[in-house]
Colleague: 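Once you've had a glance at the structure underneath, I'll fire off some questions.
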Amino acid sequence: MGTMTSVANVESFDLDHTKVHAPYIRLAGRKKTPRGDVISKYDLRLLQPNKGAIEPSALHTLEHLLAGYLRDHVNDVVDVSPMGCRTGLYMAVIGEPDEQGVVRAFEAALRDVETHDRPIPGVSELECGNYRDHDLQAARGYARSALEAGLKVQETVLIERGEQG
């Protein structure tokens, strides 16, 4: 038998997904690098957790488009990644942009997605690991729905856990 190892705590597993209200942006955490830089991670939620999921091909397209469009509106973006639960994306940035600025940038990027009428960037066998799996019209629809519902800043609501013994 092997030895038992512990699993590192993951911030999103402490979020009470029943008490947040999508669509929103939420500061999911900040880390300081050994050199003193700050990396901020934002939860860019399009759909209410456990009430819906973005179709995989649409989420893939949102990832490709928002990877570029968010960089047009936010300085020092490190990464834009889809959530495994398919309700939104994460964005990591160098620095500490204010949440209202991130809301405005996310709105602008979603407007860009909503009106995108050119080929999706990075969609070839050379550039993408699953280049056939995209849906621009559905991605545009998810962007439109989030904009119509109105983005807001969501505070982190932690799960209230009882004593575990």
Colleague: Would you mind reporting whether Glu99 and Leu27 have side-chain heavy atoms less than 4.5 Å apart?
Modeller: yes
Colleague: For a 4.5 angstrom cut-off between non-hydrogen side-chain atoms, does Val93 reach Ile39?
Modeller: no
Colleague: With the side chain counted from C-beta on, respond yes when Ile159 and Leu15 share a heavy-atom pair under 4.5 Å apart, and no when they do not.
Modeller: no
Colleague: Any chain of hydrophobic side-chain contacts (each under 4.5 Å) joining Val113 to Leu47?
Modeller: yes
Colleague: For Gln48 and Val20, indicate whether the former's side chain and the latter's backbone hold a donor-acceptor pair under 3.5 Å.
Modeller: yes
Colleague: To the nearest 0.5 Å, what is the distance between CG (Leu66) and CG (Leu44)?
Modeller: 7.5 Å
Colleague: With heavy-atom distances below 4.5 Å as the criterion, would you say the side chains of Tyr69 and His116 are in contact?
Modeller: yes
Colleague: Answer yes or no: is there an ion pair linking Glu114 with Arg144, defined by an N-O contact shorter than 4.0 Å?
Modeller: yes
Colleague: Step by step, work out the side-chain contact (heavy atoms from CB on, under 4.5 Å) result for Met91 and Val102.
Modeller: CA-CA 10 Å; Met91 177 180 69; Val102 174; 3.9 Å; yes
Colleague: Under 3.5 Å, is there a donor-acceptor pair linking the side chains of His73 and Asp112?
Modeller: yes
Colleague: Go through the steps to decide whether Glu107 and Leu147 satisfy the test side-chain contact (heavy atoms from CB on, under 4.5 Å), and finish with yes or no.
Modeller: CA-CA 7 Å; Glu107 286 172 339; Leu147 288 166; 4.2 Å; yes
Colleague: Return the minimal non-hydrogen interatomic distance between Cys85 and Ala53, and the atom names on each side.
Modeller: O-CB, 4.1 Å
Colleague: Please test Leu65 against Leu136 for side-chain contact (heavy atoms from CB on, under 4.5 Å), starting from the C-alpha separation and ending with a verdict.
Modeller: CA-CA 9 Å; Leu65 293 174; Leu136 177 58; 3.8 Å; yes
Colleague: What pair of heavy atoms forms the shortest contact from His17 to Asn50, and how long is it?
Modeller: CB-ND2, 4.2 Å
Colleague: Got His64 and Val123 here, is their nearest side-chain heavy-atom distance under 4.5 Å?
Modeller: yes
Colleague: Please confirm whether the backbone N or O of Pro23 pairs with a side-chain atom of Lys152, one donor and one acceptor, at under 3.5 Å?
Modeller: yes
Colleague: What distance separates Tyr142 OH from Leu110 CG, expressed to the nearest 0.5 Å?
Modeller: 13.5 Å
Colleague: Taking only Lys NZ, Arg NE, NH1 and NH2, and the carboxylate oxygens of Asp or Glu, determine whether Asp76 and Arg71 approach each other closer than 4.0 Å.
Modeller: no
Colleague: To the nearest 0.5 Å, what is the distance between CG on Asp133 and CD on Glu55?
Modeller: 10.5 Å
Colleague: Does the side chain of Glu127 come under 3.5 Å of the side chain of Ser124 through a donor N or O and an acceptor N or O?
Modeller: yes
Colleague: Report the distance from atom OG1 of Thr18 to atom NZ of Lys51, rounding to the nearest 0.5 Å.
Modeller: 9.0 Å
Colleague: Would Val103 and Val157 show up in the same hydrophobic cluster when neighbours are defined by side-chain heavy atoms closer than 4.5 Å?
Modeller: no
Colleague: With the side chain counted from C-beta on, respond yes when Val153 and Arg26 share a heavy-atom pair under 4.5 Å apart, and no when they do not.
Modeller: no
Colleague: Once you round to the nearest 0.5 Å, how far does CG of Asp14 lie from OG1 of Thr156?
Modeller: 10.0 Å
Colleague: Looking at CZ of Arg45 and OH of Tyr90, how far apart are the two atoms once the value is rounded to the nearest 0.5 Å?
Modeller: 5.5 Å
Colleague: Given side chains that start at C-beta, do those of Gln154 and Ile25 come closer than 4.5 Å, heavy atoms only?
Modeller: no
Colleague: Could you check whether His134 and Ser57, counting side-chain N and O atoms only, form a donor-acceptor pair closer than 3.5 Å?
Modeller: no
Colleague: What closest approach, in Å, do Arg30 and Gly95 show between heavy atoms, and which atom pair accounts for it?
Modeller: NE-O, 4.5 Å
Colleague: We want to know whether Asp43 and Tyr24 form a side-chain donor-acceptor pair, criterion being a heavy-atom distance below 3.5 angstrom.
Modeller: yes
Colleague: Counting C-beta onward and ignoring hydrogens, is there a side-chain heavy-atom pair between Leu46 and Ile54 closer than 4.5 Å?
Modeller: yes
Colleague: List the atom of Gly52, the atom of Thr87, and the distance in Å for their closest heavy-atom pair.
Modeller: O-CG2, 3.5 Å
Colleague: Is the backbone of Ser40 close enough, under 3.5 Å, to the side chain of Glu96 for a donor and an acceptor to pair up by distance?
Modeller: no
Colleague: So for atom CG, which belongs to Asp98, do other residues, nucleotides or ligands contribute more than 12 heavy atoms lying within a distance under 6.0 Å?
Modeller: yes
